[in-house]
K.L.:
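Pasting a structure here, questions to come.
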Amino acid sequence: MTQTPDEPVPGRVLELVRRAQRVCVLTGAGMSAESGVPTFRDVQVGLWERFDPAELATPRAWEEDPALVWSWYAWRAALVRGAEPNAGHAAVAEWQRRPGVELSVVTQNVDDLHERAGAQVLAHVHGSLFALRCGVCGSPSAAAYPEVAEPVDHLEPPTCEVCGAAVRPGVVWFGEALPEEEFFAAVQAAQDADLLVVVGTSGLVHPAATVPHLAGARGVPVLEINPQETAVSEAADVVWRTTAAQALPRIVAALPDR
Ligand code: APR
């Protein structure tokens, strides 16, 4: 059951968050939902209705039609630029600034809303939309997405300053390996925590979805914040069926002064 806004923080949640000193917050698309950033699983609108995002976000799509993939990312980048961090992002940043608490943010999101809310992100395990790099030699690129007021379905990607090949979004596509260092840091932070908070992820995309299980296996208490049951729910010790922007500010408000 989803909580209504004025219901208090459940007792079992309070118990976990009040005593936690090393917190790891693992976030997914649901974290940015209340900022209006659509997830892959949300219905595609307008021009993009006829494309399956799970097929656009692949190395194969990029090889076959880079201009199509680039224009889709330009559109997503415009959506993210137009979005603002929500109260959940702000609460995570505030929790991180609390004296006596070490809090690591691990996100599957490729947006920059945690950073724009003032948080430091330990690992973007699926990369970052705005960290452009060459699709061939891997050199970071100073290019940027074009401003697109209207969705356009073919825009030529910029070319690499080093080798001249097409520049691609710095995200992890389906079928690609996760950035090793970031994933390692994420697993370590989750396993070393005394509380793992899992917010807004369906737990369907691996290997990121293994993080709660790996932490749980080490005895780290896992708290899930999600309005729906997910593949992570089973691994969670405590579940709060509400949204990120509802739950996180109330959790931070309930923390003890140290
Ligand atoms: N607050 C919290 N959770 C929410 C909210 C909200 N306001 N709104 C939706 N959710 C939950 C949904 O119930 C769902 O469980 O967020 C989850 C979103 O699931 P996915 O869209 O599968 O997102 P995620 O788990 O991050 O996907 C993993 O797959 O889309 C690719 O690479 C992309 O990083 C992404 C990966």
Side-chain angles (χ1 to χ4, degrees), residues 1-5 9 13 25-44 48 51-59 61-62 69 72-73 76-77 79-80 83-92 105-114 117 121 123-131 168-179 182-183 186 190 196-213 222-236 238-251:
M1 206 176 80
T2 304
Q3 296 237 164
T4 54
V9 182
V13 176
V25 179
L26 170 67
T27 66
M31 181 79 224
S32 298
E34 285 151 290
S35 294
V37 178
T39 72
F40 273 21
R41 277 157 265 274
D42 282 336
V43 180
Q44 296 273 98
W48 296 108
F51 296 100
D52 176 0
E55 279 169 28
L56 285 171
T58 62
W62 178 249
V69 174
W72 187 64
Y73 278 99
R76 287 189 68 86
L79 286 178
V80 169
E84 294 297 330
N86 64 54
H89 293 106
V92 169
V105 178
V106 171
T107 187
Q108 295 170 84
N109 298 342
V110 298
D111 65 49
D112 57 355
L113 296 178
H114 279 301
V121 175
H124 272 275
V125 291
H126 291 164
S128 297
L129 194 52
F130 299 103
R168 58 166 279 180
V171 304
V172 177
W173 283 328
F174 290 104
E176 289 187 317
L178 269 57
E182 309 251 340
F183 188 61
L196 173 64
V197 186
V198 184
V199 188
T201 177
S202 60
L204 294 175
V205 177
H206 286 264
T210 57
V211 171
H213 300 273
V222 177
L223 163 64
E224 179 182 54
I225 296 171
N226 195 310
Q228 314 241 333
E229 186 169 347
T230 71
V232 173
S233 304
E234 224 180 60
V238 178
V239 164
W240 191 4
R241 294 267 167 257
T242 185
T243 71
Q246 292 289 341
L248 290 161
R250 281 190 282 159
I251 284 176

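Indexing begins at 1, ligand by ligand and atom by atom, following the structure's order.
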K.L.:
What distance do F174 atom CZ and T58 atom OG1 have between them, rounded to the nearest 0.5 Å?
P.N.:
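Reported value, rounded in 0.5 Å steps: 9.5 Å.
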
K.L.:
Is T243 touching ligand 1 with its side chain, its backbone, both, or neither, if touching means heavy atoms under 4.0 Å apart?
P.N.:
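It is both parts that get close, each with some atom under 4.0 Å.
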
K.L.:
Before signing off on this row, confirm whether P227 and ligand 1 have an N or O atom pair separated by under 3.5 Å.
P.N.:
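No, no N or O pair falls under 3.5 Å.
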
K.L.:
For N109, is at least one N or O under 3.5 Å away from an N or O on ligand 1?
P.N.:
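In this structure, N109 places no N or O atom under 3.5 Å from an N or O of ligand 1.
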
K.L.:
Does an N or O anywhere in V199 fall below 3.5 Å from an N or O of ligand 1?
P.N.:
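No, there is no polar N/O contact under 3.5 Å.
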
K.L.:
Look up atom CZ in F130 and atom CG in D111, then write down how far apart they are to the nearest 0.5 Å.
P.N.:
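Spacing of CZ (F130) from CG (D111) equals 8.0 Å.
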
K.L.:
Is there at least one pair of N or O atoms, one from V205 and one from ligand 1, spaced under 3.5 Å apart?
P.N.:
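Min N/O separation from ligand 1 is not below 3.5 Å for V205.
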
K.L.:
Quick check on contacts: which atoms of ligand 1 are under 4.0 angstrom from a heavy atom of A29?
P.N.:
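Here the atoms of ligand 1 in question are 21 (O), 23 (O), 24 (P), 26 (O).
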
K.L.:
So which atom in V198 and which in V232 form the shortest heavy-atom distance, rounded to 0.1 Å?
P.N.:
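In terms of heavy atoms, the two residues are closest at CG1-CG1, 4.1 Å.
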
K.L.:
Measure from atom 4 (C) of ligand 1 to every heavy atom in S233, P53, G30 and give the option owning the shortest one.
P.N.:
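Selected option, by shortest heavy-atom distance: G30.
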
K.L.:
Which atoms of ligand 1 have any heavy atom of G28 under 4.0 Å away?
P.N.:
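In order of number, 26 (O).
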
K.L.:
Shortest non-hydrogen contact from V125 to A208?
P.N.:
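That closest heavy-atom pairing would be CG2-CB, 4.3 Å.
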
K.L.:
Would you mind running through ligand 1 and noting each atom that sits below 4.0 Å from a heavy atom of T230?
P.N.:
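Result: 15 (O).
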
K.L.:
Does a side-chain heavy-atom distance below 4.5 Å link M31 with L248?
P.N.:
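Yes - at least one pair of side-chain heavy atoms lies under 4.5 Å apart.
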
K.L.:
Can you confirm, on distance only, whether ligand 1 has an N/O atom lying under 3.5 Å from any N/O atom belonging to N226?
P.N.:
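Checking ligand 1 against N226, an N or O pair does fall under 3.5 Å apart.
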
K.L.:
Quick check on contacts: which atoms of ligand 1 are under 4.0 angstrom from a heavy atom of A33?
P.N.:
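Near A33, meaning under 4.0 Å from one of its heavy atoms, ligand 1 has 8 (N).
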
K.L.:
Hey, is H126 touching ligand 1 through its side chain, its backbone, both or neither, going by heavy atoms under 4.0 Å?
P.N.:
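Just the side chain.
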
K.L.:
Could you tell me the separation between the CG atom of L196 and the CG atom of L26, rounded to the nearest 0.5 Å?
P.N.:
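L196 CG to L26 CG: 6.0 Å, rounded to 0.5 Å.
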
K.L.:
Which atoms of ligand 1 have any heavy atom of Q228 under 4.0 Å away?
P.N.:
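It comes down to these atoms of ligand 1: 13 (O).
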
K.L.:
Report yes if E34 has an N/O atom closer than 3.5 Å to an N/O atom of ligand 1; otherwise report no.
P.N.:
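Right, the criterion is met.
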
K.L.:
What's the separation between atom CG in L223 and atom CD1 in I251, rounded to the nearest 0.5 Å?
P.N.:
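Interatomic distance, L223 CG to I251 CD1, rounded to 0.5 Å: 5.5 Å.
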
K.L.:
Please work out whether the ring planes of H89 and H114 are parallel, tilted or perpendicular, with thresholds of 30° and 60°.
P.N.:
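Geometry flag for H114 against H89: perpendicular rings.
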
K.L.:
Taking CD in E176 as the centre, count heavy atoms belonging to other residues, nucleotides or ligands within less than 6.0 Å. Is the count above 12?
P.N.:
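Count over threshold, so yes.
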
K.L.:
Provide the closest heavy-atom pair for N109 versus T107 in the form atom of the first, atom of the second, distance.
P.N.:
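It is N-OG1, 2.9 Å.
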
K.L.:
Q108 heavy atoms, cut-off 4.0 Å: which ligand 1 atoms fall inside?
P.N.:
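The list of qualifying atoms is 28 (C), 34 (O).
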
